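Working notes, structure below.
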Amino acid sequence: MIYRRPLAISLVLIGALALTSAQAWFGNAAGESSTAIAQAAQPQAATRVVALTSLSADLIERLNRDTLIGIPGTSLTQSDPRFAGIDRVSSGRTPPSLETIVALEPDLVVGADGFHDMPLTRLDELGIPTLSYDVKSWQDLRAIVTDLAESIAADPQPLLTEFDSYLENPPEQSQSTLVLMSQQPILSPSASSWAGDLLSQFNVDNITAQMQGKSAFEGYLTLSAERILDIDPDIVMLIDTGEDTLAQFESQPFWEQLQAQQSDRVYLFDYYGLINPGSVESIRNATTQLREVFAD
């Protein structure tokens with residue numbers, strides 16, 4: 001996680017720490033409690049939070065709904081009644097509106113590393129504290145839950161316990177599996193991606209986990225039709241990106257030659273959950289489907 005504190009706030013904090021150290025020395029000399037002084041130096045919890053991603057919005061809502069004042073206008077938040085009445089700071093794939101965010105007077109804005117660098121930097125310059133995160137593994141997911149809970153003075157344990165339950169009783173082993181996302185280019189996740197790590201949590205034999213290859217997308221490699229035929233996995237997982245992915249692959253000459261297609265072991269997974277965490281419900285759905293696939 002990357003925390004950004006405005007320069008003015010940082011200077012205030014430095015001064016406060018120096019003052020607190022002096023107070024602690026003189027206070028101890030006078031018999032005062034250093035514990036009380038240390039508690040007074042703790043930063044205040046955020047009470048007005050704007051989330052720039054559907055995942056952060058969902059996590060904050062579950063940790064402490066009263067703190068959530070702004071969310072992105074995505075397909076996941078638009079269809080969720082829990083977010084009714086909360087201001088939208090973006091729409092679809094458009095960048096978040098800085099004017100809307102500033103007008104909400106937040107004391108914390110949470111965004112995704114790499115996607116919201118520019119608006120978060122601008123908000124820092126305006127004196128608004130920000131937090132950015134990048135979820136590429138199950139451990140990253142647990143870490144952002146803990147960090148968000150600390151930021152808004154909430155208890156992370158119920159949510160962490162729920163996440164742990166999603167990983168209970170994974171299959172001991174699986175057949176060779178190939179995950180395919182998009183048709184042009186054909187992309188497959190390596191171990192250094194959210195999808196790759198999630199598959200490893202379920203002991204899935206992800207064929208491309210350790211493969212070397214090039215791609216414009218970090219954590220993914222590009223495959224050719226010839227490479228896929230050489231791999232010829234037992235199971236194929238196709239990612240539904242809303243562009244009729246299955247039909248696109250079925251139209252390719254190599255598709256009918258795959259044993260996974262011939263044995264009816266091709267499964268369609270939602271983009272949210274397996275590729276992009278998206279939301280708590282998306283993650284739960286993906287782990288449930290993984291368990292069902294490898295129970296067959």
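Every value quoted in this text rests on a predicted model; they were computed, and no experiment measured them.
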Side chain to side chain contact (heavy atoms under 4.5 Å, CB included) between T208 and L221: does it pass, once the steps are laid out? CA-CA 8 Å; T208 58; L221 58 130; 4.0 Å; yes

Considering only heavy atoms from C-beta outward, does the side chain of V110 approach that of T130 to under 4.5 Å? no

Could you walk me through whether T146 and L160 pass the side chain to side chain contact (heavy atoms under 4.5 Å, CB included) check? CA-CA 8 Å; T146 301; L160 292 175; 4.0 Å; yes

Any heavy-atom pair between the side chains of M237 and M181 that's under 4.5 Å? no

Among side-chain atoms of S56 and T53, is any donor-acceptor pair under 3.5 angstrom? yes

Please determine whether a side-chain nitrogen of the Lys or Arg among D134 and K136 lies less than 4.0 Å from a carboxylate oxygen of the Asp or Glu. yes

Is there side-chain contact between Q183 and T245, with at least one heavy-atom pair below 4.5 Å? no

Going by atom types alone, do W255 and E250 pair a side-chain donor with an acceptor below 3.5 Å? no

Pairing donors with acceptors under 3.5 angstrom, does anything connect the side chains of D205 and T177? no

Work out which heavy atom in F294 is nearest to a heavy atom in P171; give both atom names and the distance. CB-CG, 3.8 Å

Inter-residue atom distance Y267.OH - L238.CG, 0.5 Å rounding: 12.0 Å

Considering non-hydrogen atoms only, spot the tightest contact between G70 and I86 and give its length. N-CG2, 3.8 Å

Do W194 and F163 share a hydrophobic cluster, counting only Ile, Leu, Val, Met, Phe, Trp and Tyr and linking them when any side-chain heavy atoms are less than 4.5 Å apart? yes

Side-chain donor-acceptor pair present, Q157, T161, cut-off under 3.5 Å: yes

Using atom types as modelled and distance alone, determine if a side-chain donor or acceptor of D232 lies under 3.5 Å from a backbone N or O of Q259. yes

Can you name the closest pair of heavy atoms from V135 and D140 and give their distance? CA-CB, 3.7 Å

Does Q262, at its CD atom, have more than 12 non-hydrogen atoms belonging to other residues, nucleotides or ligands within less than 6.0 Å? yes

Between A225 and F254, what is the shortest heavy-atom contact and its length? CB-CD2, 3.5 Å

S97 to T100 - nearest heavy-atom pair and separation: OG-OG1, 3.0 Å

Does L198 form a side chain to side chain contact (heavy atoms under 4.5 Å, CB included) with L290? I'd like the steps, not just the answer. CA-CA 10 Å; L198 183 57; L290 283 172; 4.1 Å; yes

Mind checking whether L126 and L98 have side chains closer than 4.5 Å, heavy atoms only? no

Without hydrogens or angle criteria, can the side chains of S279 and S282 be said to hold a donor-acceptor pair below 3.5 Å? yes

Would you say E162 and L159 make side-chain contact, with heavy atoms under 4.5 Å? yes

Assess the side chains of D107 and T47: does a donor N or O sit below 3.5 Å from an acceptor N or O? yes

Is it true that a side-chain atom of T77 and a backbone atom of P72 form a donor plus acceptor pair closer than 3.5 Å? yes

Tell me whether T222 contacts the main-chain N or O of I186 through its side chain, where contact means a donor paired with an acceptor under 3.5 Å. no

Would you check, one step at a time, whether the test side chain to side chain contact (heavy atoms under 4.5 Å, CB included) holds for Q261 with F249? CA-CA 11 Å; Q261 170 68 9; F249 277 103; over 6 Å; no

May I ask whether L55 and F115 are part of the same hydrophobic cluster, defined by side-chain heavy atoms of I, L, V, M, F, W, Y residues being less than 4.5 angstrom apart, directly or through others? no

Check: Q201 side chain, W138 main-chain N or O, donor-acceptor pair, under 3.5 Å: no

Tell me yes or no: between the side chains of R265 and Q175, is some donor less than 3.5 Å from an acceptor? yes

Looking only at heavy atoms, the pair that brings G111 and L52 closest together is CA-CB, 4.0 Å

Inter-residue atom distance E281.CD - D58.CG, 0.5 Å rounding: 8.5 Å

From I71, L63, L148, T67, residue fulfilling side chain to side chain contact (heavy atoms under 4.5 Å, CB included) relative to V49: T67

Applying the 4.5 Å side-chain criterion to the ILVMFWY set and letting contacts propagate, would M118 and V50 be lumped into a single cluster? no

Taking the side chain as every heavy atom from C-beta outward, state whether D87 and I69 have any pair of such atoms under 4.5 Å apart. no

